[in-house]
Amino acid sequence: MVEDTNLEESFASNENEIIEHPAKRLRFDWILPVLFRPKKAFATITDQNRAVWLTPLLLLSLAVILNVLVSGSAQASLTPVNQAPPPDFEYYSPEMQDQFYQAMQATTSPVFVYIFPLLTRLGGLWLGWLILGGGIHLLLTLLGGRGDTGVTMNITAWASLPLVLRDLVRATAVLISRQSIQNPGLSGFVTDGAGGWALFAAAFLSLVDLYFIWQIVLLILGAHQASELPLSKTILGVLVIVILVSGLRALIGFGVAQFGNMGASRPFFF
C-alpha cells in the first residue's frame with residue numbers, strides 16, 4: 001500500500017510538472033523511441049494537440065546539408081582533365097572543345113556543386129513533407145479515418161527519421177571513397193547509358209532502399225494509430241500516396257536528366 005501511494009504521488013508530481021512547465025519545442029528524446037519502439041512513440045505523438053514536427057525536420061535539413069557538402073566536395077575535386085570527354089571528341093573543332101571544357105568548369109563551380117543542390121534538396125524536403133503528409137491525411141479521411149491534419153503532419157515528419165540515417169551513411173561512404181554515389185538505392189539494376197523511360201525507372205528505383213521501406217513502415221504504424229482505420233485500409237492509403245509522391249519525384253529527376261543533362265538518380269525530395 002505504501003508503494004502504491006508513492007507511485008500515485010509520483011504520477012501526480014509529474015502531471016503537475018507538465019502543467020507548470022511549457023512543452024518543449026525540440027524533442028530529441030523521442031528519436032530513439034520512434035526508430036526502435038515506434039508503436040509507443042507514435043501513441044505519444046498522436047496525443048499531442050500541437051505541432052511537434054520541428055525536431056525531425058531540423059535533423060533532416062542538417063543531414064541534407066551535410067550530404068550536399070560532402071558530395072559537392074567529391075564532385076568539385078573532378079577537373080575537366082579527368083572527366084571523360086564525349087565520343088569523337090578528337091574530331092571537334094578547337095572552339096567546340098573549348099566550349100566543352102568551359103561547361104565542365106561550370107559544373108565544378110560552387111554554385112553548381114553546392115548552392116543549387118542545397119536549395120533544391122532543402123526545398124524538396126519541406127515541400128515533400130507537406131505533399132506527403134497532406135496526401136496521406138486526405139486519402140485516409142476519404143477512407144473513413146478520424147485523424148487530425150496536424151497529427152498526420154507530425155507523424156509524417158517523425159516517420160522520416162530513417163532518411164536521416166540514410167544521408168549519414170551516404171556521407172560517410174563518400175568521405176571514405178572520395179567519390180560521389182552514382183547509383184543509389186536500386187537504380188543500379190538499370191543498365192548504364194540507358195535512355196528514354198529507363199531513366200525514369202532509374203530515378204524511381206534510386207529512392208527505394210531499406211531506409212525508404214523503414215519510413216513506409218513507420219508511416220503505416222503512425223497513421224494507423226492516428227486515423228483509427230483498419231490496418232488494411234491504412235496500408236492501402238499510405239502506399240498509394242507514397243507511390244504517387246515517389247513517382248512525382250522520379251518524374252522531376254527524369255525531366256532534369258532529359259533537359260538538363262543531370263543524373264536522374266539524384267532525387268530532389270528528402
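Values reported hereafter were calculated over all heavy atoms of this structure, with side chains retained and with hydrogens, waters and symmetry mates removed. Model, not experiment: these values are computed from the prediction.
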Candidate pair Leu163 and Asp167, rule side chain to side chain contact (heavy atoms under 4.5 Å, CB included), full reasoning: CA-CA 6 Å; Leu163 304 184; Asp167 271 345; 5.9 Å; no
Determine whether Asp209 and Arg170 satisfy the following criterion, side chain to side chain contact (heavy atoms under 4.5 Å, CB included), listing intermediate values before the conclusion. CA-CA 12 Å; Asp209 53 23; Arg170 288 181 176 179; 3.6 Å; yes
Carefully, step by step, assess Asn67 and Arg121 under the rule side chain to side chain contact (heavy atoms under 4.5 Å, CB included). CA-CA 10 Å; Asn67 201 271; Arg121 286 205 59 189; 3.5 Å; yes
What do the steps show when you test Leu60 against Val64 for side chain to side chain contact (heavy atoms under 4.5 Å, CB included), and what is the final call? CA-CA 6 Å; Leu60 285 163; Val64 163; 5.6 Å; no
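Remark: the backbone N or O of Phe42 is paired with a side-chain donor or acceptor of Thr46 at under 3.5 angstrom. No donor-acceptor pair closer than 3.5 Å links the side chain of Ser73 to the backbone N or O of Val70. The main-chain N or O of Gly150 is never found under 3.5 Å from a side-chain atom of Asn49 such that the two would form a donor-acceptor pair. In this structure, Gln215 contributes its side chain and Pro162 its backbone to no donor-acceptor pair below 3.5 Å.
Residues Ile243 and Leu248 do not share a hydrophobic cluster, clusters being chains of Ile/Leu/Val/Met/Phe/Trp/Tyr side chains in contact below 4.5 Å. A single hydrophobic cluster is seen to contain both Val52 and Phe28, as judged by linkage of ILVMFWY side chains at heavy-atom distances under 4.5 Å, directly or through other members. Placement of Phe36 and Val164 within a single hydrophobic cluster is found when ILVMFWY residues are connected by side-chain heavy-atom separations under 4.5 Å, directly or transitively. A single hydrophobic cluster is not seen to contain both Val151 and Leu138; linkage of ILVMFWY side chains at heavy-atom distances under 4.5 Å, directly or through other members, places them apart.
Going from atom OG1 of Thr55 over to atom CG of Asp29 covers 8.5 Å, rounded to the nearest 0.5 Å. Considering CG of Leu57 and CG of Leu62, their distance stands at 11.0 Å, rounded to 0.5 Å. With values rounded to the nearest 0.5 angstrom, Ile136 atom CD1 is found 4.5 Å from Leu219 atom CG. Between the CG atom of Leu236 and the CG atom of Leu229 there is a distance of 10.0 Å, given to the nearest 0.5 Å.
Ala203 and Ala250 get closest at one heavy-atom pair: CB-O, 3.5 Å. Taking each heavy atom of Leu207 and Arg166 in turn, the nearest pair found is O-NH1, 3.6 Å. Residues Leu140 and Ala223 come closest through the heavy atom pair CD1-CB, 3.7 Å. Between Thr44 and Trp30, the closest heavy-atom pair is CG2-CZ2, 4.0 Å. Looking at every heavy atom in both residues, Thr156 comes nearest to Leu132 through CG2-CD2, 3.8 Å. Between Pro38 and Leu221, the shortest heavy-atom contact is CG-CD1, 3.7 Å.
The neighbour count for Leu210 CG, taken as heavy atoms of other residues, nucleotides or ligands under 6.0 Å away, does not exceed 12.
Contact of the Leu165 side chain with the Tyr211 side chain is registered, since non-hydrogen atoms from C-beta on lie closer than 4.5 Å. A heavy-atom distance below 4.5 Å is found between the side chains of Val34 and Ile45. Side chains of Ile31 and Leu161 form a contact here, defined as non-hydrogen atoms less than 4.5 Å apart. Contact check for Ile220 versus Leu231: side-chain heavy atoms found under the 4.5 Å cut-off. With contacts defined as side-chain heavy-atom distances shorter than 4.5 Å, the pair Leu130/Met153 qualifies.
The side chain to side chain donor-acceptor pair (under 3.5 Å) pairs that include a residue from residues 31-42 number zero, where partners must be two or more places apart or lie in different chains.
Ser61 and Trp126 are linked by a side-chain donor-acceptor pair at a separation below 3.5 angstrom, with hydrogens and angles left out of the test.
For Thr149, the side chain to side chain donor-acceptor pair (under 3.5 Å) criterion is met by His137, not counting sequence neighbours.
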